Colleague: 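The structure's right below; bear with me while I get my questions together.
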Amino acid sequence: MADAPVGPPDPAVSPRFAGPETFARLPRLDDVGAAAVAVLGVPFDSGVTYRPGARFGPAAVRAGSKLLRPYHPELDVHPWSVHQVADAGDAGVTPFDLIAAIAQIEAAARATLSRAERLITVGGDHTIALPLLRVLHERHGPVALVHFDAHLDTWDIAYGARYNHGTPFRRAFDEGLLAADRCAHVGLRGPVYGMSDFDTDRALGFSAISTADVARFGVDQTIDRIRSRVGELPVYVSVDIDVLDPAHAPGTGTPEPGGLTTRELQLILRGLDGLNLIGADVVEVAPPYDHAELTALAAANLVYEFLGLFALRK
Ligand code: MN
Ligand code: MN
């Protein structure tokens, strides 16, 4: 892009608690026309199995992003100064028909990627990862998924429904969207229905780094294991905010005690520098259960980590 990127309003003139109500007060994609990275909201939670509320996630994460500043010292990068970053607004998604909603999310992601090189999506419940992976698969072929979540999300069916927030990666596997034996879960914990849940997941070709593994072996070894798992393949990172401990992210639909700290997850994401990252999402932020914006702030800062990673690969 020849012109200098359009950034947020000067905080010395317009304080950061003022508008616009976009991610980090960045310009709208409609206003700049095209961008290197777009942040798309998907206000959708019709796929949840427990507490609803993630439809309000994108608005809360945008509000939580206003305090972000333009320089990331740990990554030594200016995430929105080296190239254009823009807010693509929210996808228009029906709350009444899950299958129609998935098609709408797919269309919105495809339309956004016609004007932006990279996409970071803010959910919304985890169902949204399936249509996002479909669109990325069109462009990149099978992707190595790095999935941060307390939960497997590779279950097959819930209440007779094949599409919900517990099944997106099973469906992605069925549709051939994922690179065989190159995907990893990170942060698994909590009770499941039985050992067969893990056996099925392993048979699909996923590897698992549990929260206990991260605690025992540390951030650096976690990073090494992720990096060797995905190699040079196109990598998609999906972050279910419930991978964080409820102390760090109470505002979510299926909280599981004993999770990662926000700091651990930030450090792990920074360790993905240099991978062939093609897209990311942060999902399952449910503001009705949040306190003191803890969850929205954590999610906004995780999006900032992805913006930093993309800026480094510019
Ligand atoms: Mn989860
Ligand atoms: Mn999930």
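Whatever order the structure lists ligands and atoms in, that order sets their numbers, starting from 1. Given the structure is predicted, the values throughout are model-derived calculations rather than measurements.
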Colleague: Decide, yes or no, whether a salt bridge links R171 with D156 under the criterion of side-chain N to carboxylate O below 4.0 Å.
Modeller: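 Yes.
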Colleague: Which protein N, O or S atoms sit under 2.8 Å from the Mn ion (ligand 1)?
Modeller: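 Listed by chain and number, the nearby protein N, O or S atoms are D149 OD1, H151 ND1, D240 OD2, D242 OD1, D242 OD2.
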Colleague: Between H126 and H147, is the ring centroid distance below 6.0 Å?
Modeller: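 Yes, the ring centres sit under 6.0 Å apart.
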Colleague: If you measure from the Lys or Arg side-chain nitrogens to the Asp or Glu carboxylate oxygens, is any gap between D30 and R115 under 4.0 Å?
Modeller: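 Between R115 and D30 there is a salt bridge, with a charged N closer than 4.0 Å to a carboxylate O.
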Colleague: Should D174 and R162 count as an ion pair when the cut-off is N to O under 4.0 Å?
Modeller: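 Looking at R162 together with D174, the answer is yes, because their closest N to O distance falls below 4.0 Å.
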Colleague: Assert yes or no for the condition that the ring centre distance of Y304 to W80 is strictly below 6.0 Å.
Modeller: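 Yes, close enough.
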Colleague: Tell me, which pairs form a salt bridge (Lys or Arg N to Asp or Glu O under 4.0 Å) where one or both residues lie in residues 283-294, sequence neighbours left out?
Modeller: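 Not a single pair qualifies under salt bridge (Lys or Arg N to Asp or Glu O under 4.0 Å).
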